[in-house]
Enquirer: 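Here it is, the structure, as structure tokens.
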Amino acid sequence: MFSQSDFTYMERALALASRGMYTTTPNPRVGCVLVKNGEVIGMGFTQPAGQDHAEVRALKDARSRGKDPRGATAYVTLEPCSHFGRTPPCAHALIDARVEKVIAAMEDPNPTVSGRGLAMLRDAGIDVRCGLLANEAHEMNIGFVSRMTRRRPWVRMKVAATLDGRTGLPSGESQWITGEDARADGHAWRARACAILTGIGTVREDDPQLTVRAVDTPRQPQRVLIDSRLDVPLDARILDGAPPWIFHSADADPARADALRDKGAELVELSNEHGKVDLPAMLTALADRGINELHVEAGHKLNGSLLREGCVDELLIYLAPSLLGNAPGMFDFGPPATLDARPHLKFHRIDRLGDDLRILARFAGTHGASETR
Ligand SMILES: NC(=O)c1ccc[n+]([C@@H]2O[C@H](COP(=O)([O-])OP(=O)(O)OC[C@H]3O[C@@H](n4cnc5c(N)ncnc54)[C@H](OP(=O)(O)O)[C@@H]3O)[C@@H](O)[C@H]2O)c1
């Protein structure tokens with residue numbers, strides 16, 4: 001159904017989409033390539049929210065080069081939108097430009113608009129195909145798909161551990177377990193996330209800044225702290241710079257809350273029946289704030305709570321070739337009553353970074369591209 005050149009142009013559109021990796025949030029990363037008579041006449045990728053989407057950018061690019069998009073084929077990594085949001089619908093722009101054919105990688109995951117953009121194009125007499133390199137397109141926007149279909153971000157939990165799964169010494173000393181390559185790679189994953197989350201234990205022990213430093217990024221992700229009683233020290237580094245969001249329970253002291261607000265922090269109270277933060281509700285709250293991908297870097301206690309409550313989609317584990325013996329592990333939970341009851345994952349990718357291994361594993365039942373297609 002698709003030709004070799006279709007694959008080549010869609011790969012180009014995907015490469016363009018990846019240029020919006022750090023900037024399109026909360027919108028999806030989308031790329032568009034316009035091809036006419038075997039020549040690429042326009043290219044674009046989605047700009048920061050409120051600015052041009054990929055299709056409009058590609059049409060403007062073609063016109064700026066003196067090329068007429070009439071009769072062209074548009075390769076887009078996501079179904080063109082059909083609704084007026086902060087910008088007019090891209091489907092209109094393609095219809096007005098009188099392109100002849102549109103090839104989309106995947107439908108819009110938003111159930112309220114899915115398929116409408118493609119229908120609008122078909123109704124205008126445009127030849128429309130969908131599904132080319134759909135897996136790759138889904139991976140590119142795994143967080144956006146999650147937010148649209150499940151009203152929660154895609155949750156990626158990062159852990160650096162020794163080969164025996166230990167994350168630090170009982171004294172709290174944990175820096176550094178992995179090598180420089182792995183640590184820089186960890187920052188690249190931080191950078192692509194919309195938000196980075198940690199727990200009060202990690203803030204107490206490590207006083208992390210929770211920012212992206214080892215790679216260039218045009219924007220810092222939102223920082224999020226889980227701190228039931230608002231114990232975070234007022235001089236903690238997470239309170240410096242852009243205001244963090246702190247999720248706490250009803251048990252928190254109102255005077256502490258005032259002091260933290262004075263420091264600029266944004267507080268969100270979400271309690272469960274145990275007087276702790278309601279973690280599933282927190283994911284909904286983050287989705288409602290436009291968080292597509294959430295990167296977790298916490299200690300074994302919060303990691304365990306998140307796992308137990310089904311709040312994790314993917315593990316990003318760095319394994320160093322060393323051992324720590326009877327030291328804290330990655331996740332404080334269980335053990336399950338039977339082997340059958342243990343959580344199951346699938347290895348998604350395994351790579352070597354310097355002396356360390358990087359493992360990306362997904363929980364069975366999460367909506368990763370490989371499970372849905
Ligand atoms: N190697 C790595 O990849 C890595 C990454 C990060 C941190 N660490 C290490 O981990 C150590 C800290 O571990 P940790 O387990 O103490 O820190 P943590 O997991 O970051 O935070 C622990 C705190 O989270 C809170 N918590 C757990 N479940 C909760 C829930 N449902 N709602 C609200 N709060 C909840 C608890 O606070 P309350 O008791 O107040 O409820 C708990 O004390 C440090 O030594 C740090 O270096 C290692």
Side-chain angles (χ1 to χ4, degrees), residues 155-179 182-187 189-190 193 196-211 223-233 236-238 244-253 256-257 260 267-286 294-312 314-320 322-324 327-334 353 356-360:
V155 182
R156 184 176 295 124
M157 178 176 279
K158 178 236 159 183
V159 186
T162 55
L163 202 51
D164 55 347
R166 306 297 160 168
T167 55
L169 291 174
S171 65
E173 187 185 345
S174 66
Q175 292 169 343
W176 302 106
I177 285 175
T178 49
R183 297 209 299 276
D185 188 70
H187 274 245
W189 286 96
R190 274 188 181 185
I196 306 175
L197 178 139
T198 197
I200 181 60
T202 299
V203 166
R204 268 203 222 100
E205 292 287 348
D206 300 350
D207 194 16
Q209 298 175 63
L210 233 56
T211 52
R223 296 170 304 161
V224 182
L225 173 62
I226 304 292
D227 180 9
S228 307
R229 291 180 302 277
L230 293 178
D231 288 332
V232 55
R237 295 203 288 181
I238 196 170
W245 297 341
I246 305 181
F247 285 82
H248 65 94
S249 75
D251 289 351
D253 173 8
R256 291 284 304 167
L260 287 164
L267 306 190
V268 185
E269 184 187 313
L270 273 180
S271 298
N272 66 16
E273 65 277 23
H274 309 295
K276 301 227 177 207
V277 173
D278 182 333
L279 298 173
M282 175 205 64
L283 291 188
T284 307
L286 291 179
L294 178 66
H295 179 99
V296 176
E297 277 193 39
H300 59 289
K301 289 186 195 141
L302 184 54
N303 283 351
S305 298
L306 286 163
L307 274 184
R308 245 191 337 265
E309 300 198 34
C311 294
V312 186
E314 177 169 86
L315 297 179
L316 171 64
I317 310 265
Y318 297 92
L319 279 185
S322 57
L323 304 171
L324 274 176
M330 303 190 202
F331 320 109
D332 189 1
F333 83 105
L353 295 175
D356 304 317
L357 286 185
R358 180 186 66 190
I359 298 171
L360 207 54

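Positions are given from 1 along the sequence. All of these numbers come straight from a predicted model, not from anything done at the bench. In listed order, ligands and their atoms are each counted from 1.
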Enquirer: Would one find an N or O of I226, backbone or side chain, under 3.5 Å from an N or O of ligand 1?
Expert: no
Enquirer: Just one of I246, I200, L197, V203 clears the side chain to side chain contact (heavy atoms under 4.5 Å, CB included) bar with I226, so which one?
Expert: L197
Enquirer: Would you name the heavy atoms of L353 and A182 that are closest together and state the gap between them?
Expert: CD1-CA, 4.1 Å
Enquirer: Does G168 have a non-hydrogen atom less than 4.0 Å from ligand 1?
Expert: no
Enquirer: Could you see which bit of R229 sits under 4.0 Å from ligand 1, with heavy atoms only: side chain, backbone, both or neither?
Expert: side chain
Enquirer: At what distance is the nearest protein heavy atom to atom 42 (C) of ligand 1, and which residue and atom is it?
Expert: K301 CD, 4.0 Å
Enquirer: Return yes or no for this condition: an N or O of E309 is under 3.5 Å from an N or O of ligand 1.
Expert: no
Enquirer: Does any N or O atom in I177 lie less than 3.5 angstrom from one in ligand 1, N or O only?
Expert: no
Enquirer: Please list the nearest protein heavy atom to atom 4 (C) of ligand 1 with its residue and the distance rounded to 0.1 Å.
Expert: A298 O, 4.0 Å
Enquirer: Measuring from L279:CG to L307:CG, what's the distance to the nearest 0.5 Å?
Expert: 11.0 Å
Enquirer: Kindly confirm or rule out an N or O of G299 lying under 3.5 angstrom from an N or O of ligand 1.
Expert: yes
Enquirer: So, the side chain of R223 versus the backbone of Q209: is there a donor-acceptor pair under 3.5 Å, distance only?
Expert: yes
Enquirer: Report the nearest protein non-hydrogen atom to atom 25 (C) of ligand 1: residue, atom name, distance rounded to 0.1 Å.
Expert: I200 CG2, 4.4 Å
Enquirer: With no hydrogens and no angle check, is any side-chain donor or acceptor of R166 less than 3.5 Å from a backbone partner on L324?
Expert: no
Enquirer: Heavy-atom contacts with L279 under 4.0 Å: which atoms of ligand 1 show up? List them by number with element.
Expert: 31 (N)
Enquirer: Report yes or no: does S228 contribute a side-chain atom to a donor-acceptor pair with the main-chain N or O of K276 at less than 3.5 Å?
Expert: no
Enquirer: Show which atoms of ligand 1 fall inside a sub-4.0 Å distance from at least one heavy-atom site of G172.
Expert: 45 (O), 47 (O)
Enquirer: So which heavy atom on P280 is nearest to which on E309, and how close?
Expert: CD-OE1, 3.3 Å
Enquirer: Heavy-atom contacts with A160 under 4.0 Å: which atoms of ligand 1 show up? List them by number with element.
Expert: 1 (N), 2 (C), 3 (O)
Enquirer: Got the closest protein heavy atom to atom 48 (C) of ligand 1, with its distance?
Expert: T167 O, 4.1 Å
Enquirer: Which of the atoms in ligand 1, numbered in the order shown and given with their element, are less than 4.0 Å from a heavy-atom of S174?
Expert: 46 (C), 47 (O)
Enquirer: Could I get the full list of salt bridge (charged side-chain N to carboxylate O under 4.0 Å, His left out) partners for R204, not counting sequence neighbours?
Expert: D231
Enquirer: What do you reckon, does E297 have a nitrogen or oxygen under 3.5 Å from a nitrogen or oxygen of ligand 1?
Expert: no
Enquirer: Who passes side-chain hydrogen bond (donor to acceptor under 3.5 Å, both in side chains) against D185, sequence neighbours left out?
Expert: W189, Y318, R358
Enquirer: Tell me which one of K276, E173, E205, Q175 gets a heavy atom nearest to atom 38 (P) of ligand 1.
Expert: K276
Enquirer: State, to 0.1 Å, how close H248 and D227 come at their nearest heavy-atom pair, and which atoms those are.
Expert: CB-O, 3.2 Å
Enquirer: With respect to V277, determine whether any N or O atom, backbone or side chain, lies less than 3.5 Å from an N or O atom of ligand 1.
Expert: yes
Enquirer: Does the N or O separation between T198 and ligand 1 drop below 3.5 Å for any pair?
Expert: no
Enquirer: Report yes or no: does D206 contribute a side-chain atom to a donor-acceptor pair with the main-chain N or O of P208 at less than 3.5 Å?
Expert: no
Enquirer: What is the minimum heavy-atom distance between G168 and S174, and which atoms define it?
Expert: CA-CB, 3.9 Å
Enquirer: If the cut-off is 4.0 Å to any non-hydrogen atom of G199, which atoms of ligand 1 fall inside it?
Expert: 20 (O), 21 (O)
Enquirer: Does the side chain of L230 come within less than 4.5 Å of D253's, by heavy atoms?
Expert: no
Enquirer: Write out the residue and atom name of the closest protein heavy atom to atom 19 (O) of ligand 1, then the distance separating them to 0.1 Å.
Expert: L302 N, 2.8 Å
Enquirer: Relative to atom 29 (C) of ligand 1, which among S171, A327, S305 owns the nearest non-hydrogen atom?
Expert: S305
Enquirer: Got a donor-acceptor contact below 3.5 angstrom from the R190 side chain to the T211 backbone?
Expert: yes
Enquirer: To which protein heavy atom is atom 20 (O) of ligand 1 closest, and what is the distance rounded to 0.1 Å?
Expert: T202 OG1, 2.6 Å
Enquirer: For the residue pair T178 and R183, what are the closest heavy atoms and their distance?
Expert: O-NH1, 2.9 Å
Enquirer: Please write down residue, atom name and distance for the protein heavy atom closest to atom 21 (O) of ligand 1.
Expert: G201 N, 3.0 Å
Enquirer: Is the shortest N/O to N/O distance between N272 and ligand 1 below 3.5 Å?
Expert: no
Enquirer: Going by the atom numbers of ligand 1, which of them fall below 4.0 Å from some non-hydrogen atom of V159?
Expert: 3 (O)
Enquirer: Backbone, side chain, both or neither: what part of D206 comes under 4.0 angstrom of ligand 1, heavy atoms only?
Expert: side chain
Enquirer: Counting N and O atoms only, with roles assigned by atom type, does the side chain of D207 sit under 3.5 Å from a partner on the main chain of R237, one being a donor and the other an acceptor?
Expert: yes
Enquirer: Which atoms from ligand 1 have a heavy atom of S228 less than 4.0 Å away?
Expert: 32 (N), 33 (C), 34 (N), 41 (O)
